[in-house]
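Working notes, beginning with the structure itself.
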Amino acid sequence: MTTTPAPPKAPPKPTWDPRKPEPPFPWLRPTIRIRLTLLYGGMFLIAGILLLSIIYLLAAQALREGSSVSFQVTGSNLKLYSENCPQLGDAGSNQELNAMLKECTATQQQHALDGLLSRSLLALLGLAVIAFAFGYAMAGRVLSPLGRITRTARAVAGSDLSRRIELDGPDDEFKELADTFDDMLERLQRAFTAQQRFVGNASHELRTPLAINRTLLEVHLSDPGAPVELQQLGKTLLATNERSEQLVEGLLLLARSDNQIVERKPVDLAEVASQAIDQARGEAEAKGVAIRGKRVAAVVQGSGVLLERIALNLVQNAVRYNVAEEGWVEVTTEVQHGQAVLVVSNTGPVVPAYEIDNLFEPFRRLRTERTGSDKGVGLGLSIARSVARAHGGHIAAEPREGGGLVMRVTLPV
């Protein structure tokens, strides 16, 4: 008779818990609630003791003043006299004397109570001032970790992802918040580093085949013995390849400009606008568009290459989307209310106000959902908005009366 072997036992479950272990006595953890409870409870207790002590001393003094009516026997007929109650000497009978004594004692007690009330109010006022000052100081001390967290968050908002709070002190809610914030910053830094690495790799991988295609097409087009149909096809493919290169460059620039600018240098918007005008002047002259405007020095901190791309995109759009005759583009720079302003205005078709927001979306143009023109790839205004945001500014567009647009870029000085 054979016996079936017993099934193997299941492996023991792991006992390690990745979560943070709970302390044996969680109610003894020095949390903010416990610390504030002890702090304010102690402050109320100390204030109560001080107030009781002051009231006791003032009441003792008031009792001494209330019972300090001194009487003297004067004259041969044994009449009573008091400095506080001089009318006692005029009493003609014992009944009048008793009534005067009662009135005099009541008056003296009322004076003592009035003095007690006034001194108590002064003591209460002094304690209130001390309590508010002490509470303000204690509140600042308790909330100091929160200020440190806020300063670090502002530094991170300025693109410094390497900053960490590293809050030391008791294991309370503030330290838990700071540690969680540090963990989040660590993950964000890794994500942005991976994104930058991906953008660099994609830049190389996408540019190389397009450059090879362009070179091959140019070589074939340089052959004088090539058929006319082949040359026409080569020119069409070369234009398509050039458009693809522009699209790749625009996408890569858009990906880079979505991040904040780490290395900033002084850049004059007037010089940037002048360089953009020089690059677009040939196209403007070919279309009969006049470029004008006064450019005043407006120095900002940022990347000169990216800021030049803003000005170039705006000027090129203003030249390309213009009227057929007597068109003009006005480019001005100035400093207003502590901010540098670049304004590009142009004549052109009438733009409805409800379509302004669509102009800043990638691959979208006026009255079209996707790009379908050979004037560009539909990323110019999207890149301009991303670059402006990366510099801490913003770009706004509004329809111009009579047709055209007014593009206003505002950057902090």
Side-chain angles (χ1 to χ4, degrees), residues 16-47 127-197 199 255-267 299-303 306 337-340 386-394 410-413:
W16 176 75
D17 189 358
R19 295 174 298 180
K20 188 176 181 180
E22 292 289 338
F25 301 101
W27 54 274
L28 289 178
R29 180 188 175 194
T31 61
I32 295 294
R33 175 180 293 180
I34 294 178
R35 290 164 60 190
L36 289 178
T37 300
L38 295 177
L39 176 63
Y40 291 131
M43 290 175 59
F44 280 125
L45 180 61
I46 294 174
L127 285 177
V129 173
I130 295 175
F132 277 113
F134 188 75
Y136 183 81
M138 287 297 99
R141 183 176 180 84
V142 171
L143 295 177
S144 59
L146 187 59
R148 185 173 175 180
I149 295 174
T150 303
R151 290 190 296 271
T152 304
R154 288 176 179 172
V156 171
S159 74
D160 189 4
L161 289 176
S162 62
R163 292 286 298 272
R164 296 294 183 271
I165 300 174
E166 297 179 352
L167 187 65
D168 51 0
D171 186 17
D172 54 13
E173 290 88 345
F174 281 143
K175 182 170 177 58
E176 184 177 358
L177 175 61
D179 294 341
T180 304
F181 194 76
D182 286 342
D183 294 339
M184 182 187 67
L185 291 179
E186 185 68 27
R187 296 183 64 182
L188 284 176
Q189 187 177 19
R190 289 198 300 265
F192 277 112
T193 302
Q195 181 187 10
Q196 292 175 356
R197 191 181 299 113
V199 169
R256 292 194 193 102
S257 60
D258 279 337
N259 299 330
Q260 294 288 329
I261 308 301
V262 178
E263 296 182 359
R264 296 174 179 264
K265 297 180 180 179
V267 180
V299 180
V300 299
Q301 298 293 326
S303 171
L306 295 179
H337 309 292
Q339 291 183 323
S386 297
V387 173
R389 288 178 177 175
H391 285 79
H394 66 276
T410 305
L411 300 173
V413 177

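Small disclaimer: the values here were computed from a predicted structure and weren't measured. Reckoned from all heavy atoms, side chains included, excluding hydrogens, waters and symmetry mates.
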Heavy-atom pair with the smallest gap, counting every atom of L411 and H391: CD2-CB, 4.0 Å
For I130, all residues meeting side chain to side chain contact (heavy atoms under 4.5 Å, CB included), sequence neighbours excluded: none
Once salt bridge (Lys or Arg N to Asp or Glu O under 4.0 Å) is applied, do any residues pair with R148, and if so which ones, sequence neighbours excluded? D168
In terms of heavy-atom contacts, T410 and Q339 come closest through CG2-OE1, 3.0 Å
Hey, does Q301 have a side-chain heavy atom less than 4.5 Å from the side chain of P266? yes
If I compare all heavy atoms of F174 with all of L146, which pair ends up nearest, and what's the gap? CE2-CB, 4.1 Å
Show which side-chain atoms of residues 184-191 pair as donor or acceptor with protein atoms under 3.5 Å away, not counting sequence neighbours.
{"unit_1": "E186", "atom_1": "OE1", "unit_2": "R164", "atom_2": "NH2", "d": "2.9"}
{"unit_1": "Q189", "atom_1": "OE1", "unit_2": "R164", "atom_2": "NH2", "d": "2.7"}

Kindly give the heavy-atom pair with the smallest separation between V413 and V300, and that separation in Å. CA-CG1, 4.4 Å
